[in-house]
Protein chains: 2
Amino acid sequence: MSAPETTASSPPQEHKKIFLAAVDESEESIHALSWFVNKILPASSSGHHHRSTLVLVYVKPPPPLYFSPDGHVFSADVMAAMDKYRNDVAECVMVKAKRVCKQAAGDNDNGDYQVKVETMIENGDARDVICQVAEKLGVDVLVMGSHGYGPIKRAFLGSVSNHCAQNVKCPILIIKRPKSNN
Amino acid sequence: MSAPETTASSPPQEHKKIFLAAVDESEESIHALSWFVNKILPASSSGHHHRSTLVLVYVKPPPPLYFSPDGHVFSADVMAAMDKYRNDVAECVMVKAKRVCKQAAGDNDNGDYQVKVETMIENGDARDVICQVAEKLGVDVLVMGSHGYGPIKRAFLGSVSNHCAQNVKCPILIIKRPKSNN
């Protein structure tokens, strides 16, 4: 038996790409993921005899500090219920996101389309956590949607994509949901 | 300015992609273009029996209104010299940008890598002109570098990539120059 010939050092085009897609509850986020996995990912992952990885990351916001009318924090039961709700939302987002990836893989399956999809659920401020994860994983491209807030709403709510565009060190692909779909 | 050729009816997977790369005098801009044409473009443009178009756009800033010490505007000769300088800079940027594309095409030439490179030189405020060109050409992705200014410099100079990320309607890929190359 002879092993297939390989060169000791792979040329740069054999580099396994890691894409990080930030997902959340918004339709903008699902639109961005769908656009990416259908328009860019198939081409970027075919014909190169390698397997790219698409990491889906969802960041759970920190639990809000609610106070009951008498000034006390809510009971452990209430807090646990809220925590369960946050976990359910995270799981629901991931199910939806994975379905988008699976569908795209089916649509683009030409026997050479290989993308490994992984999921991550993190906690904290999405703006910072996404940048940290991108750096930690050494991703090639960070992919995310944009809520497309107007200037006033943006001033109050900030924008995760703006923050990441300014702070993340890797290339970032920001995809907006077309107005006609709103 | 002429829109790149498109066929009247093509199936979705045969869609000819149009990429718009904004280039300027900065090293960040050349780094971004180089990263894109080497890492993303070859995969996005091979194995699909179609020819993508990469449009390189350079936006000449409007001529400054200089006044001589006696309060008069500079003579026609001086203005013409300044205009010539602006044109020379534009041409120089385009030569450099096309060289980057040609080199990448040579490095990735597997007989199936076909990208048509076009150039455009426009006038005005780069932030607005780039968004207008992206919309007019109906580009699939706008590609640009980021100067990576700190918060103070950014507050004064603004950021073309920030502005485009907020205002352009198509997906935008922002590529930063790694710190280690500075």
Side-chain angles (χ1 to χ4, degrees), chain A residues 11-15 17 19 31-32 35-36 38-50 52 104 107-110 112-113 134-135 138 140-151 154 159 161-181, chain B residues 12-13 15 17 19 31-32 35-36 38-50 52 104 107-110 112-113 134-135 138 140-151 154-155 159-181:
Chain A
Q13 60 267 36
E14 293 291 326
H15 169 64
K17 290 194 183 73
F19 300 100
H31 167 79
W35 185 90
F36 177 70
N38 282 289
K39 298 259 186 151
I40 300 291
L41 198 54
S44 298
S45 310
S46 67
H48 284 256
H49 312 296
H50 69 254
S52 293
D107 291 348
N108 293 289
D109 189 8
N110 56 4
D112 197 18
Y113 174 70
E135 191 159 359
D140 290 276
V141 183
L142 166 62
V143 181
M144 60 195 309
S146 165
H147 289 270
Y149 296 140
R154 193 164 55 228
S159 159
S161 59
N162 273 6
H163 180 94
C164 291
Q166 286 176 22
N167 293 283
V168 80
K169 287 172 186 160
C170 67
I172 176 172
L173 176 60
I174 301 171
I175 301 140
K176 288 188 187 174
R177 192 172 168 224
K179 281 253 163 78
S180 55
N181 286 0
Chain B
Q13 62 272 34
H15 170 65
K17 290 195 184 74
F19 300 100
H31 167 79
W35 185 90
F36 177 70
N38 281 290
K39 298 259 186 150
I40 300 290
L41 198 55
S44 298
S45 311
S46 68
H48 286 254
H49 312 296
H50 69 256
S52 294
D107 290 348
N108 293 288
D109 189 7
N110 56 4
D112 196 19
Y113 173 71
E135 191 159 359
D140 290 278
V141 184
L142 166 62
V143 181
M144 60 196 309
S146 166
H147 289 269
Y149 295 141
R154 193 164 53 228
S159 159
V160 179
S161 58
N162 272 7
H163 180 92
C164 291
Q166 285 175 23
N167 293 283
V168 80
K169 286 170 185 159
C170 67
I172 176 172
L173 176 60
I174 302 171
I175 301 140
K176 290 188 185 173
R177 192 171 167 225
K179 281 255 163 78
S180 55
N181 286 1

Minimum-distance pair of heavy atoms, taken over all atoms of B/Asp140 and A/Lys39 = OD1-NZ, 4.3 Å
Under 4.5 Å from any heavy atom of chain A - which part of B/Val168 = backbone
Rounded to the nearest 0.5 angstrom, the CD1-CD distance for A/Ile174 and B/Gln166 is 9.0 Å
Looking at B/Lys169 and A/Lys176, what are the two nearest heavy atoms and their distance?
-> O-CB, 4.1 Å
Out of A/Ile40, A/Val143, A/Val141, A/Ile175, which residue meets the side-chain contact (heavy atoms from CB on, under 4.5 Å) rule with B/Leu173?
-> A/Val141
